[in-house]
Amino acid sequence: MKKTTLFLSVLTMLICLSGCSGTEKTASKPAETSAAATEAVSDTTENVTDTLTATLKAQKRTDAQIIEEIVTYHGCYGDKADAKVDELLNELNGIDSRQGKLWSDIMSYWDYANNELKVNIDRLPDDLPNDDTMALTVLGFELNDDGTMQDELIGRLTVALACAEQYPNAYVICTGGGTAKNNPDVTEGGLMGEWMIEHGLDKKRLIVEDQSHTTAENASNSYDILLKDYPQVDSVVLISSSYHIAWGSLLFEAAFMRSASEKQTPEIHVISNCSCQIENDIYLWSEILRWETGGMLQMIGKNDLAMQYYFDYDNVEKPVL
């Protein structure tokens, strides 16, 4: 609105000056006066152009702001926000084509994970790579207060062991940091690794990631470990509970794509999954979408907002659709 008002003001000034120069009174003035008026108009136009350029620069949004909106719009409204998300992706592409393509791919995978991804129960497909280019990634689960593993985590490990026997050349990543309230000396990843070794896994195949506390951190840390110490690995299989597969796959694939794009490093992709049987999927779709959104926000560095989505969703200031 301000830019429009400014433009009209300048236009009015130009018309006024032009009209005045056509009267008898102006025509009788020396040529120097006319030249001075023309120079004044030129200076004014240049000043207005500079002002408009400065205003446009001030109002131009950063790619980080747009990406945050992309995540929160989809996270709050799901498929209902598709038109708005597409609009934001186009805006992002206009600022940075690399980021535009990256986030178009991430959002396409988000849609795939929640609507088309098949969850395998107890056993993996038989057509996955049967060599050391694949890593089976077991997602952790909160420990009991005394530092022992809950039954659901043992269920995940049991499935992971069966998958490791099915694919004997694959690495096995056990992920998760310290979550025992009364035992700070143990970690999910550490205990999981010990369980796997005790049940027959070759130590040479074991990778432990024990510094994370969320799925987003699992993903980021796992990528860095693989990139540094296991460069031949180009695919991972996620092993978790059924309700966790979609959001785990999303956060791993998104974090891997983002890391490879920003660091210009090799790509690693989520190619399959396997779930343990649990008695009751306690999470509704809306809750899963909320946790996915928190993870995505954490991945892009919006930690405070991510914690709101995780733990205080009712008080989150949601974007207006």
Side-chain angles (χ1 to χ4, degrees), residues 113 119-120 122 124 135-164 170-199 201 203 205-226 229-230 233 236-256 268 270 272-279 281-283 287-288 291-292 294-296 298-299 303 306-307 310-311:
V119 177
N120 302 298
D122 291 338
L124 287 169
L136 310 175
T137 306
V138 199
L139 302 183
F141 190 84
E142 186 175 12
L143 301 173
N144 291 313
D145 289 352
D146 63 357
T148 56
M149 293 189 293
Q150 296 195 50
D151 289 343
E152 186 168 336
L153 181 51
I154 294 174
R156 297 181 185 185
L157 290 170
T158 302
V159 169
L161 188 63
C163 292
Y171 289 102
V172 177
I173 308 175
C174 293
T175 68
T179 55
K181 293 180 181 178
N182 301 326
N183 191 344
D185 297 327
V186 298
T187 63
E188 294 172 15
L191 292 178
M192 293 161 69
E194 291 175 6
W195 189 97
M196 294 293 289
I197 297 299
E198 289 171 1
H199 288 78
L201 183 74
K203 289 183 179 179
R205 299 175 62 190
L206 178 65
I207 302 170
V208 174
E209 185 286 295
D210 58 2
Q211 300 299 308
S212 57
H213 292 88
T214 65
T215 306
E217 292 176 355
N218 291 159
S220 178
N221 293 347
S222 294
Y223 180 87
D224 289 341
I225 290 172
L226 291 175
D229 298 325
Y230 305 88
V233 174
V236 299
V237 169
L238 289 192
I239 300 171
S240 191
S241 306
S242 56
Y243 63 82
H244 196 206
I245 292 295
W247 100 56
S249 297
L250 165 67
L251 294 180
F252 266 73
E253 185 69 12
F256 284 8
I268 304 174
V270 179
S272 192
N273 65 75
C274 199
S275 167
C276 62
Q277 290 275 18
I278 59 174
E279 293 183 3
D281 276 357
I282 58 174
Y283 292 98
E287 293 178 292
I288 291 175
W291 283 93
E292 289 174 344
M296 294 287 278
Q298 191 174 18
M299 183 187 72
N303 291 319
M307 293 305 121
Y310 284 147
F311 305 115

*Asks:* Tell me yes or no: between the side chains of Tyr310 and Gln298, is some donor less than 3.5 Å from an acceptor?
*Replies:* yes
*Asks:* Find the distance between OG1 (Thr158) and CE (Met196) and round it off to the nearest 0.5 Å.
*Replies:*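 These two atoms lie 9.0 Å from each other.
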*Asks:* Might you point out which heavy atoms bring Ala219 and Phe256 nearest each other, and give the distance in Å?
*Replies:*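 Smallest interatomic distance, heavy atoms only, reads O-CE1, 3.3 Å.
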*Asks:* Quick one: closest heavy-atom pair of Leu191 and Gly147, and the distance?
*Replies:*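 Closest approach of Leu191 to Gly147: CD1-O, 3.0 Å.
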*Asks:* Under 3.5 Å, is there a donor-acceptor pair between the side chain of Glu209 and the main chain of Gly189?
*Replies:*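 A pair under 3.5 Å: no.
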*Asks:* Which word best sums up how the rings of His199 and Trp195 line up, parallel for under 30°, tilted for 30 to 60°, or perpendicular for over 60°?
*Replies:*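 Taking Trp195 first and then His199, their aromatic rings lie parallel (interplane angle under 30°).
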*Asks:* Could you state the interatomic distance from NE2 (His213) to CD (Glu188), rounded to the nearest 0.5 Å?
*Replies:*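 If we round to the nearest 0.5 Å, His213:NE2 and Glu188:CD are 8.0 Å apart.
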*Asks:* For a quick test of reading the model, state the closest non-hydrogen atom pair linking Tyr243 to Glu152 and the distance between them.
*Replies:* OH-OE2, 2.6 Å
*Asks:* Flag the pair Asn221 / Thr175 as yes when at least one side-chain heavy-atom distance between them is below 4.5 Å, and no otherwise.
*Replies:*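 Not in contact.
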*Asks:* Please check if the side chain of Asn144 supplies one atom and the backbone of Asp146 the other of a donor-acceptor pair under 3.5 Å.
*Replies:* no
*Asks:* Please check if atom CG in Asp145 has more than 12 non-hydrogen atoms from other residues, nucleotides or ligands closer than 6.0 Å.
*Replies:*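 Yes, because the 6.0 Å sphere around CG of Asp145 holds more than 12 heavy atoms from other groups.
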*Asks:* Would a 4.5 Å heavy-atom cut-off, applied to side chains only, mark Glu217 and Gln211 as touching?
*Replies:*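 They are not in contact (no side-chain heavy atoms under 4.5 Å apart), so the answer is no.
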*Asks:* Would you call the rings of Phe311 and Trp291 parallel, tilted or perpendicular, where under 30° means parallel and over 60° means perpendicular?
*Replies:* perpendicular
*Asks:* Leu251 versus Thr214: any side-chain heavy-atom pair under 4.5 Å?
*Replies:* no
*Asks:* Is the shortest side-chain heavy-atom distance between Val159 and Ser275 below 4.5 Å?
*Replies:*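 Answer no - side chains too far apart.
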*Asks:* Compare all side-chain heavy atoms of Met149 with those of Leu157 and state whether any distance is below 4.5 angstrom.
*Replies:* yes
*Asks:* Between Asn218 and Phe252, is any pair of side-chain heavy atoms under 4.5 Å apart?
*Replies:* yes
*Asks:* Just wondering, do Val236 and Ser222 contact through their side chains at under 4.5 Å, heavy atoms?
*Replies:* no
